[in-house]
Amino acid sequence: MLLRKVLLRGASASRLLISNKSPPASLLPLASGCTRFFSSSTQSEGPNDGFVAGQEGGDEQPAATITVDRSGLYHPPEHSHEPTTESELVKHLKGIIKMIGVWVMCLWEQMGQPKKVNLVELGPGRGTLMADLLRGTAKFKSFTDSMHIHMVECSPVLQKLQHQNLKCEKVCNADENGEKSSVTSITGSPVTWYSSLEQVPSGSPTIILAHEFYDALPIHQFQRSSRGWSEKMVDVGEDSKLRFVLSPQPTPATLYLMKRCKWATEKEVESLKQIEICPKAIDLTHTIAQRISSDGGGALIIDYGLNGVISDSLQAIRKHKFVSILDDPGSADLSAYVDFPSLKHTAEEASGEGEAPFWEGPDELAPVGMGTRYLAMAIVNKKQGTPVPFQ
């Protein structure tokens, strides 16, 4: 009921049309509060909140080199995916999963009950959401028969867990794209795994689910300095320990910072000493909006985030405890708040004929135990209209 109220409340939100063209990032005008991104001044920056400035000279060699174990990205440690007890939060999450299933079925009906639909989940984790969704809709035969499940997951370890939880038993013959699919015994639907959304076959109506996926995408942090906005970078100090420094030159992510400041008001930015942006989230949302515009369907994004510019939310968690971000990189889960306005603006600027209604969770309707940071956003094809609100 909680997510239903959130979606119903959001149905009255303004509808956002996706424009036909998006200007190159390098040509985007800057908001008046962000006109100074970088200057050519060689003034040295002193340490600031534990950070040191990058050096202007290009001849200086790094003090040391260090290697980082990246195996945890694709082969996460066992403790990262151990089942947890039935806490109040877990119970609420199960309730939200049920409402996601209702949302998917409502959208499918509004689409005219197509005979084939690509149901895509980004970052499925253990596969719990998809398994619960299929169990909850298993008795609706016409719906489950139309579903072709696509799991976007790059970790072989998690793919194995998803395969088990979805109770996939056998392998089908290769489809028209040459991909072999397993079949889930829950509904008999074919299930295929991919490492990126771009690999998922196009041409059929597509419903995309991103439940607590965006918060794991890499972010870039910019800090205000005498040179303007400078990106924080990771360096190796003379003691061979990792440290944060400020980049002495503009970085590729600066183009995304320009975009973000264009979407913000001067008042939002002028008081900030730091800004977080997520280029991957912007690019992914653009891809999603284009796919929905061309193939039909919709996307539902649910995550922890803010309805505004994000300053500093990056955190590291290891074994359910917060740890330093630079402590043993690769051994902890990193997450950051999702910048929902940037996703909304990206959907607006994506090419194609589409519509992006934007929903956020009102404070008074926030699920118990989650606070007021749990937000939802939907992107749907304009031809289908606004998704049917839950009564």
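One-based numbering along the sequence shown.
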J.: For E268 versus S271, what's the shortest heavy-atom pair and its separation?
T.: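 Minimum heavy-atom separation between E268 and S271: O-OG, 4.3 Å.
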J.: Counting only N and O atoms by type, is there a donor-acceptor contact under 3.5 Å from the side chain of R260 to the main-chain atoms of E276?
T.: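 No, because the side chain of R260 does not come within donor-acceptor range (under 3.5 Å) of the backbone of E276.
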J.: Compare every heavy atom of P124 with every heavy atom of M151, then report the nearest pair and how far apart it is.
T.: CE-CB, 3.4 Å
J.: Looking only at atom types and distance, does a side-chain atom of S189 sit under 3.5 Å from a main-chain N or O of T144, one as donor and one as acceptor?
T.: yes
J.: Okay, side chain of R318, backbone of D327: is any donor-acceptor separation there less than 3.5 Å?
T.: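 Side chain of R318 to backbone of D327, a donor-acceptor pair under 3.5 Å: yes, one is there.
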J.: How close do T206 and S204 get, heavy atom to heavy atom, and via which atoms?
T.: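 For T206 and S204, the tightest heavy-atom pair comes out as OG1-O, 3.0 Å.
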J.: Check whether N165 reaches the backbone of R126 with its side chain - one donor and one acceptor, N or O, closer than 3.5 Å.
T.: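 Such a contact is found between N165 side chain and R126 backbone.
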J.: Using the side-chain contact (heavy atoms from CB on, under 4.5 Å) rule, take L334 and Q315 through it: C-alpha gap first, then chi angles, then the decisive distance, then the call.
T.: CA-CA 6 Å; L334 299 180; Q315 57 190 11; over 6 Å; no
J.: Can you confirm whether I149 sits close enough to T187 that some side-chain heavy atom of one is under 4.5 Å from a side-chain heavy atom of the other?
T.: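 I149 does not reach T187 side chain to side chain.
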J.: Any chance you could lay out the side-chain contact (heavy atoms from CB on, under 4.5 Å) test for W103 and I207, step after step, and finish with the verdict?
T.: CA-CA 10 Å; W103 186 90; I207 300 176; 4.0 Å; yes
J.: Report the distance from atom CG of L306 to atom CZ of F340, rounding to the nearest 0.5 Å.
T.: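 CZ of F340 is found 9.5 Å from CG of L306.
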J.: Would you confirm whether Q159, through its side chain, and E153, through its main-chain N or O, come within 3.5 Å as a donor-acceptor pair?
T.: yes
J.: For I186 and A138, work out which heavy atoms get closest and say how close.
T.: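 In this case the closest contact between I186 and A138 is O-CB, 4.1 Å.
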J.: Flag the pair C106 / V102 as yes when at least one side-chain heavy-atom distance between them is below 4.5 Å, and no otherwise.
T.: yes
J.: On a heavy-atom basis, which atom in T251 and which in M233 lie closest, and how many Å separate them?
T.: CG2-SD, 4.4 Å
J.: Without hydrogens or angle criteria, can the side chains of T285 and Y214 be said to hold a donor-acceptor pair below 3.5 Å?
T.: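 Their side chains do contain a donor-acceptor pair, which is all the 3.5 Å distance test asks for.
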J.: Could you walk me through whether I275 and C261 pass the side-chain contact (heavy atoms from CB on, under 4.5 Å) test, one step at a time?
T.: CA-CA 10 Å; I275 293 179; C261 286; 4.3 Å; yes
J.: For the atom pair OG1 (T184) and CD (E169), what is the distance rounded to the nearest 0.5 Å?
T.: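 Here the interatomic distance stands at 8.0 Å.
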J.: Mind checking whether I325 and V236 sit in one hydrophobic cluster, side chains of I, L, V, M, F, W, Y counted as touching below 4.5 Å?
T.: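 Same cluster.
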J.: Is there a side-chain contact between M111 and L107 in this structure, where contact means two heavy atoms from C-beta onward sitting under 4.5 Å apart?
T.: yes
J.: For a 4.5 angstrom cut-off between non-hydrogen side-chain atoms, does W193 reach S182?
T.: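 A side-chain contact exists here, since the closest heavy-atom pair is under 4.5 Å.
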J.: Distance from K344 atom NZ to E349 atom CD, nearest 0.5 Å?
T.: 12.0 Å
J.: Using only atom types and a distance under 3.5 Å, with no angle test, would you say the side chain of N381 pairs donor to acceptor with the backbone of I292?
T.: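 Answer holds: yes.
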J.: Can you check whether P205's main-chain N or O pairs, donor with acceptor, with D295's side chain at less than 3.5 Å?
T.: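 No; judged by distance alone, with no hydrogens or angles, the pair does not exist.
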J.: Side-chain contact, heavy-atom cut-off 4.5 Å: Q113 with W108?
T.: yes
J.: Please say yes or no: joined through hydrophobic side-chain contacts below 4.5 Å, possibly via intermediate residues, are L326 and L314 part of one cluster?
T.: yes
J.: Does the side chain of L161 reach to within under 4.5 Å of the side chain of L158, using non-hydrogen atoms?
T.: yes
J.: For the atom pair CG (D235) and OG (S247), what is the distance rounded to the nearest 0.5 Å?
T.: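 Between atom CG of D235 and atom OG of S247 there are 11.0 Å.
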J.: Look at the side chain of R224 and the backbone N and O of L272, then say whether any donor-acceptor pair between them is shorter than 3.5 Å.
T.: yes
J.: Please determine whether side-chain hydrogen bond (donor to acceptor under 3.5 Å, both in side chains) holds for the pair W263 and E348, giving the CA-CA distance in whole Å, both sets of side-chain angles, and the decisive distance to 0.1 Å.
T.: CA-CA 11 Å; W263 294 331; E348 285 181 309; over 6 Å; no
J.: With distance as the sole test, does Q162 use its side chain to make a donor-acceptor pair with the main-chain N or O of G125 at under 3.5 Å?
T.: yes
J.: Test V338 against Y304 for side-chain contact (heavy atoms from CB on, under 4.5 Å), laying out the working first.
T.: CA-CA 6 Å; V338 177; Y304 292 93; over 6 Å; no
J.: Does a salt bridge link D283 with K280, judged by any charged N lying under 4.0 Å from a carboxylate O?
T.: no
J.: Is V323 isolated, or which residues cluster with it under the ILVMFWY side-chain rule of less than 4.5 Å, directly or via members?
T.: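 Result for V323 is none, singleton.
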J.: Quick check: does any side chain N or O of D303 sit under 3.5 Å from a backbone N or O of F213, one acting as donor and the other as acceptor?
T.: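 Side chain of D303 to backbone of F213, a donor-acceptor pair under 3.5 Å: yes, one is there.
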J.: So how far is it from L257 CG to H220 NE2, rounded to the nearest 0.5 Å?
T.: 11.0 Å
J.: Check whether any side-chain heavy atom of H150 lies under 4.5 Å from a side-chain heavy atom of P201, and answer yes or no.
T.: yes
J.: Would you call L284 and L122 a side-chain contact if the rule is heavy atoms closer than 4.5 Å?
T.: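 Yes, close enough: below the 4.5 Å cut-off.
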J.: Hey, quick one: are M130 and F140 part of the same hydrophobic cluster, counting side-chain heavy atoms closer than 4.5 Å, chains of contacts allowed?
T.: yes
J.: What closest approach, in Å, do T346 and I282 show between heavy atoms, and which atom pair accounts for it?
T.: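 Where T346 meets I282 most closely, the heavy atoms are CG2-O, 3.2 Å.
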J.: Output the distance between atom CE (M147) and atom OG (S142), rounded to the nearest 0.5 Å.
T.: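 So the gap between those two atoms works out to 9.5 Å.
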